[in-house]
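Below: one structure, written as structure tokens.
Quick note on labels: first sequence line is chain A, next is B, and so on, each numbered from 1.
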Protein chains: 2
Amino acid sequence: MVHNKSVVFLKHPTEFPVVGEHFAVQAKDLNPDLKENDVLLRNLFISLDPYMRGRMRNATNSYVGGFQIGQPLNGSGVSEVVESKNASYPVGTIVTGSVGWEEYTVVAGAQGLRAIPNARNSKIPLSAHVGVLGMPGMTAYSSLKIIGQPKAGETIFISAAAGAVGQLVGQMAKRLGLRVVGSAGSDDKVEYLLKDLKFDAAFNYKKGNILENLKAAAPEGVDIYYENVGGEQLEAALEVMKLHGRVIACGMISQYNTQEPYGIRNLIQVVGKRITIRGFIVSDFAAECSADFAKDVGSWLANGEIIYKEDIAVGVDSAPDAFIGMLQGKNFGKQVVKIADL
Amino acid sequence: MVHNKSVVFLKHPTEFPVVGEHFAVQAKDLNPDLKENDVLLRNLFISLDPYMRGRMRNATNSYVGGFQIGQPLNGSGVSEVVESKNASYPVGTIVTGSVGWEEYTVVAGAQGLRAIPNARNSKIPLSAHVGVLGMPGMTAYSSLKIIGQPKAGETIFISAAAGAVGQLVGQMAKRLGLRVVGSAGSDDKVEYLLKDLKFDAAFNYKKGNILENLKAAAPEGVDIYYENVGGEQLEAALEVMKLHGRVIACGMISQYNTQEPYGIRNLIQVVGKRITIRGFIVSDFAAECSADFAKDVGSWLANGEIIYKEDIAVGVDSAPDAFIGMLQGKNFGKQVVKIADL
């Protein structure tokens with residue numbers, strides 16, 4: 001028997017979710033009652049990601065299963081095995097996998113778990129396994145390569161460039177010899193892009209006219225647009241895009257919490273400039289990219305050739321507000337919640 | 001010396017072009033004065049195509065050169081060589097190539113001309129060489145194959161389905177075992193799609209709600225959208241598109257003559273459904289598809305396995321009104337102008 005606090009999904013929001021109305025922290029006793037091959041995890045970090053807003057919709061055609069009313073929200077986490085009936089995951093193993101937004105999670109059959117080798121002695125922080133070394137990192141790595149087809153000398157524009165995916169896309173594009181332009185929602189983030197990540201240009205999308213700022217930052221146009229935001233930034237990107245431009249449609253966070261979506265008025269640019277816009281989810285590219293991703297990004301991170309900023313909220317109680325803050329762009333770097341110390 | 005009537009470009013329109021203001025028929029004497037390798041053509045048919053509206057823009061980044069103020073408009077034609085200083089194109093040869101919207105055109109060096117073999121004795125009408133056997137046919141054939149990646153059992157939705165490109169796309173998709181749904185702007189055209197072209201479903205986009213009509217015509221969703229129209233039809237197509245859907249962005253005629261473009265509000269579907277939207281121009285696919293196109297479509301047409309409807313205006317004087325009518329959807333079938341009899 002353990003005492004467990006969880007963030008439970010209460011109701012489908014139509015605009016920004018509200019704590020207490022759409023999700024809330026609830027505490028109850030948990031009797032693990034493990035069966036053959038099950039494990040009980042003590043969660044250390046959970047990942048908060050924009051795509052989760054889509055799982056809050058009352059939709060039938062979402063590409064990831066929706067959250068279940070009355071159940072804890074869930075997503076990627078880093079956890080310690082504290083009880084085990086599975087020989088592959090003995091007590092003390094540190095794992096990543098899908099867990100609840102909660103202190104403890106029972107994983108039936110240890111389904112989808114992956115042990116992190118040498119976790120207790122690594123210089124790489126455990127939280128990286130749900131960020132730069134996890135789903136957001138793999139998202140950036142695979143989609144830039146496969147959809148973006150980047151070539152040295154080209155220009156890439158990345159929206160939400162200081163976010164979980166954007167900061168890695170930018171650094172990878174720099175390594176490949178591209179000119180890298182980013183947007184973010186605060187002057188601090190813009191400074192991070194320019195000084196720490198060595199972007200060639202960056203602007204605060206909340207200041208001045210987005211199209212004018214983008215034109216000034218990319219005067220010769222854009223070959224690749226890494227799309228995390230949608231709305232006005234997508235419209236501006238299409239406007240400055242060059243012939244045979246590619247739009248990597250990773251997400252459109254500006255459209256997730258509104259019932260009045262922004263109307264994109266210049267899609268005709270797709271015809272005239274022979275642009276390709278392609279949406280994806282990271283699992284589309286797993287077979288093709290997983291091995292190279294782990295090798296490349298793992299070594300870059302270990303060698304200090306790339307850096308990765310995280311925004312760490314503390315305690316399961318902080319998760320709902322941190323999630324809403326992320327949807328509003330208040331996070332600075334990849335948003336995680338630290339549930340417990342190792 | 002010949003007397004020549006031409007349609008001359010006068011001014012860049014911002015909305016629908018107006019005869020007399022933006023283009024007008026002008027007559028003058030033409031002294032061919034041919035140099036080595038030049039030919040003088042007597043034009044028989046000229047092609048009017050929606051993409052030409054883009055060439056009327058005062059734009060620097062158009063993918064085809066803009067029309068020149070004070071010069072005849074130009075495009076594909078079928079012509080007879082009536083004077084020649086080029087041994088490859090003796091007098092009497094029937095050719096296709098780029099010609100003016102006019103009765104006679106001098107083609108320096110016979111640049112870009114192609115002789116039509118057996119032209120005087122073929123059962124295939126000469127006008128087909130600017131339609132189903134020309135640029136529109138090649139457009140349909142190559143883009144359906146390369147961007148569409150059609151598979152038997154899938155559903156395709158084609159807007160402007162009775163037009164120059166759409167009618168061929170639909171018949172090719174039927175041959176490949178797809179379920180074919182089309183839209184058009186009159187009940188006559190809808191009847192043509194259903195009865196003559198054997199579409200599985202079709203609707204008049206001017207009657208009722210486009211999204212509801214499309215949902216009724218494609219209740220299980222759409223795998224491929226062949227996009228000729230843009231605006232509300234694109235929005236509806238995205239709404240009913242299935243996972244991994246493809247949008248073949250051929251044109252967006254609804255957006256060509258307006259300064260207030262329609263805002264597409266549901267592009268977020270591209271992310272959730274992992275849709276690809278790709279623009280192109282026909283020359284992108286020439287190397288890969290030209291030979292197969294000529295063989296396949298040539299034999300289907302000769303054998304009566306496909307049909308092809310043309311809307312033939314008569315006389316160079318009719319070209320401006322026919323062009324405006326085409327932009328308004330008044331043509332029924334591929335729009336050509338018959339300039340002269342052979």
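In this structure, B:L234 CG and A:I264 CD1 are separated by 11.5 Å, a value rounded to the nearest 0.5 Å. In this structure, A:D284 CG and B:R274 CZ are separated by 4.0 Å, a value rounded to the nearest 0.5 Å. Remark: B:I277 CD1 to A:I275 CD1 distance equals 10.5 Å, nearest 0.5 Å. Taking CZ of B:R278 as the start and CZ of A:R246 as the end, the distance is 11.0 Å to the nearest 0.5 Å.
Within 6.0 Å of the CD atom in A:E15, the count of heavy atoms belonging to other residues, nucleotides or ligands exceeds 12. Atom CD of B:E288 is surrounded by 12 or fewer heavy atoms from other residues, nucleotides or ligands within 6.0 Å. In the displayed structure, A:K330 atom NZ is contacted under 6.0 Å by at most 12 heavy atoms of other residues, nucleotides or ligands.
Within the structure, the salt bridge (charged side-chain N to carboxylate O under 4.0 Å, His left out) test picks out the following pairs touching residues 210-230 of chain B (sequence neighbours left out): B:D223-B:K242.
Contact check for A:V271 versus B:I281: no side-chain heavy atoms found under the 4.5 Å cut-off.
Of residues 254-262 of chain A, those residues lying under 4.5 Å from chain B by any heavy-atom pair are A:Q255, A:Y256, A:P261, A:Y262.
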